[in-house]
Amino acid sequence: MRDRESAAFLAELLSVPVREMFKGLGIDPAEVAVTYVPRDPDKVLVAGHDQASLLAEAMAESLGGDCRRLIDRSRGATEQKKLTAEERSINVRRVFSLSRRVGENELEDKAVLLIDDLVTTGATAAACVSVLAGAGARVFCAAVAFTPIKTEKTE
C-alpha cells in the first residue's frame, strides 16, 4: 500500500461495514475522529511512508470526516514479528502515548475510529485503544487484514 490510490481503494471497501456499524449505533460517520496506529518512526524513515496513516486519511475522506494523529509512538520497541502474543503485549505497553497535539478533555465522549493496517494478536491495537480510552474516547477499530494466530496441531 505504497500509494494513495491503493489506500483509497482499501478504505472505500472498509468504509462500507464501518458506515453500517456507525449507522446502527446512531453515530454520524462524519463526526468520528479517524486516527491510526502509528508505525515505528525508524521504519517510516526507511520506507518513506506509514501505511496505516495513508489508510486512515483515505478512510476519513471516505467518511466525510477528519484524520488526525492522536497517538505518538516512541522508539525502542522490539520488532513484533518474532514475538509471542504475550511478549507482544508487554513490548508495546509503554510505546504509545496520547499525542501532544491533543488538548485536555478534547476526546471526552468523542467517537474515534482507530485504523490499523494489519492485526496479528491485537496487542498493538489494544495498547492504542487503552491510550485513547484513557483520554475519554469511545474507540472503534478497523483493520484491512488480520493474521490468524497459529495454533499447534494436536495428533
Side-chain angles (χ1 to χ4, degrees), residues 1-75 77 79-81 88-89 91-149:
M1 184 181 9
R2 293 182 185 259
D3 63 320
R4 295 192 186 282
E5 290 88 21
S6 296
F9 174 76
L10 293 170
E12 198 58 42
L13 291 175
L14 191 57
S15 71
V16 174
V18 167
R19 272 195 188 92
E20 287 299 312
M21 175 187 67
F22 286 131
K23 180 181 175 185
L25 295 169
I27 298 171
D28 179 357
E31 297 296 318
V32 174
V34 180
T35 194
Y36 55 94
V37 174
R39 191 172 189 189
D40 182 289
D42 294 329
K43 289 186 179 183
V44 173
L45 286 174
V46 171
H49 69 282
D50 181 336
Q51 59 270 25
S53 171
L54 292 175
L55 185 60
E57 289 169 10
M59 177 65 82
E61 186 174 322
S62 178
L63 297 177
D66 295 319
C67 177
R68 289 190 48 215
R69 182 177 181 140
L70 300 177
I71 300 169
D72 287 333
R73 180 177 186 147
S74 62
R75 290 177 165 83
E79 189 170 1
Q80 298 277 80
K81 287 180 186 175
R88 287 172 183 237
S89 181
N91 187 43
V92 296
R93 220 172 264 156
R94 293 187 185 98
V95 172
F96 298 102
S97 61
L98 194 62
S99 173
R100 296 178 306 272
R101 300 172 198 99
V102 177
E104 188 174 338
N105 300 323
E106 183 179 341
L107 298 180
E108 193 68 38
D109 292 323
K110 177 84 174 161
V112 174
L113 177 62
L114 176 68
I115 301 293
D116 201 352
D117 59 329
L118 171 68
V119 174
T120 303
T121 64
T124 302
C128 291
V129 167
S130 179
V131 168
L132 294 168
R138 295 178 296 142
V139 187
F140 303 88
C141 299
V144 171
F146 78 98
T147 304
I149 297 173

How far apart are the closest heavy atoms of [X] and [Y], and which atoms are they?
| X | Y | answer |
| --- | --- | --- |
| Asp66 | Ala60 | C-CB, 3.6 Å |
| Pro29 | Arg19 | CG-CG, 4.4 Å |
| Val131 | Ser97 | CG1-C, 3.6 Å |
| Tyr36 | Ala52 | CB-O, 3.6 Å |
| Ser62 | Ala11 | OG-O, 4.5 Å |
| Val129 | Cys141 | CG2-SG, 3.5 Å |

For residues [X] and [Y], determine if any side-chain heavy atom of one lies less than 4.5 Å from a side-chain heavy atom of the other.
| X | Y | result |
| --- | --- | --- |
| Val32 | Val18 | no |
| Val37 | Leu114 | yes |
| Arg73 | Val95 | yes |
| Arg68 | Val102 | yes |
| Ser6 | Gln51 | no |

Could you give the distance from [atom1] ([X]) to [atom2] ([Y]), rounded to the nearest 0.5 Å?
| X | Y | atom1 | atom2 | result |
| --- | --- | --- | --- | --- |
| Met21 | Ser15 | CE | OG | 11.5 Å |
| Met59 | Leu54 | CE | CG | 13.5 Å |
| Arg100 | Arg69 | CZ | CZ | 8.5 Å |
| Phe96 | Ser130 | CZ | OG | 11.5 Å |
| Leu10 | Ile115 | CG | CD1 | 11.0 Å |
| Asp117 | Thr124 | CG | OG1 | 9.5 Å |

When you measure from the side chain of Lys110 to the backbone of Glu31, do you find a donor-acceptor pair of N or O atoms at a distance under 3.5 Å?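 Checking the backbone N and O of Glu31 against the side chain of Lys110, a donor-acceptor pair under 3.5 Å is found.
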Has the side chain of Asp50 got a donor or acceptor atom that lies under 3.5 Å from a matching backbone atom of Pro38?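 Not confirmed, Asp50 side chain does not pair with Pro38 backbone.
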Can you name the residues that form a side chain to side chain donor-acceptor pair (under 3.5 Å) with Ser99, not counting sequence neighbours?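 Partners of Ser99 under the side chain to side chain donor-acceptor pair (under 3.5 Å) test: Arg101.
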Please say which of Leu107, Ile71, Asp72 ends up in a side chain to side chain contact (heavy atoms under 4.5 Å, CB included) with Leu98.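 Single pass found, and it is Leu107.
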